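What you see is a predicted model; the values in this text were computed from it and never measured. In what follows, every heavy atom counts, from backbone to side chain, and hydrogens, waters and symmetry copies are set aside.
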Amino acid sequence: QVQLVESGGGLVQAGGSLRLSCAASGRIFSTYRMGWFRQAPGKEREFVAAILWSLGFITYADSVKGRFTISRDNAKNTIYLQMNSLKPEDTAVYYCVIDTSAYTNWGYWGQGTQVTVSS
C-alpha cells in the first residue's frame with residue numbers, strides 16, 4: 001500500500017514560519033509529480049506547490065511565491081514545504097499528494113495536517 005506520512009502543522013502567529021514534512025512509502029509504480037495542496041474551511045482544495053519528480057522542476061501557486069519553498073530529500077523519500085511570512089489566509093489543512101500520471105492524476109493523498117495562522 002501507498003502511505004504518505006505528514007507532519008509539521010501547528011499554530012503560528014502571522015509573520016512566522018512552519019516546515020511541513022511528508023515521507024512517502026509503499027508500492028508506487030509511477031510518480032510524475034509530488035507536492036502539496038491545501039483546503040481552507042468552506043473552500044475548494046487548491047494547488048500549492050509541486051516537484052516534477054524526474055527533473056526537479058518546481059511550480060508554485062501565485063499566492064505563495066516568494067514565501068513558500070518546496071524541496072526533497074531523495075535518500076529519505078521525503079518532501080518538505082518551508083512556509084515563511086505566514087498570513088492568516090494561509091490557514092488550511094495541507095495535504096501531501098502524488099501525481100501518478102503524465103495526464104495528471106493526483107491519485108495519492110496524505111491524511112492532511114492543520115496549519116493555523118493567527119493575526
Given the rule in the side chain to side chain contact (heavy atoms under 4.5 Å, CB included) test, do Q39 and E46 qualify, once you have shown the distances and angles that lead to the verdict? CA-CA 6 Å; Q39 185 171 27; E46 64 176 341; over 6 Å; no

What is the minimum heavy-atom distance between T104 and R33, and which atoms define it? CG2-NH2, 3.4 Å

Does Y60 reach the side chain of T69, with side-chain heavy atoms less than 4.5 Å apart? yes

Do I79 and C96 make a side-chain contact, defined as non-hydrogen atoms from C-beta onward lying under 4.5 Å apart? yes

Once side-chain hydrogen bond (donor to acceptor under 3.5 Å, both in side chains) is applied, what residue pairs with a partner in residues 71-81 remain, sequence neighbours excluded? none

Please answer whether the main-chain N or O of T116 pairs with a side-chain N or O of T91 as donor and acceptor at a distance below 3.5 Å. no

What are the two closest heavy atoms between P88 and A14, and how far apart are they? CD-CB, 4.2 Å

Which atom of N105 lies closest to which atom of D99, heavy atoms considered: N-OD1, 2.7 Å

Atom CD of E89: over 12 foreign heavy atoms under 6.0 Å: yes

Would you mind reporting whether I70 and W36 have side-chain heavy atoms less than 4.5 Å apart? yes

Would you check if M34 and C22 make a side-chain contact, meaning some heavy-atom pair closer than 4.5 Å? yes

Charged N to carboxylate O under 4.0 angstrom, K65 versus D62? yes

For the residue pair V64 and V48, what are the closest heavy atoms and their distance? CG2-O, 3.7 Å

Taking the hydrophobic residues Ile, Leu, Val, Met, Phe, Trp and Tyr, and joining any pair whose side-chain heavy atoms are under 4.5 Å apart, which ones share a cluster with F37? F47, V93, Y95, V97, W106, W109

Given side chains that start at C-beta, do those of M83 and Y94 come closer than 4.5 Å, heavy atoms only? yes

Drop me the distance from S85's OG to R67's CZ, to the nearest 0.5 angstrom. 7.0 Å

Side chains of L20 and F68: does their closest heavy-atom pair fall under 4.5 Å? no

To the closest 0.5 Å, what do you measure between CZ (R38) and NZ (K43)? 8.5 Å

What are the two closest non-hydrogen atoms of A49 and L81, and how far apart are they? CB-CD1, 4.4 Å

Can you confirm whether L18 sits close enough to V115 that some side-chain heavy atom of one is under 4.5 Å from a side-chain heavy atom of the other? yes

Say whether W53 and I98 are linked into one hydrophobic cluster, either directly or through other cluster members, by side-chain heavy-atom distances under 4.5 angstrom. yes

Give the minimum heavy-atom separation between G110 and L4, together with the two atoms involved. N-CD1, 3.7 Å

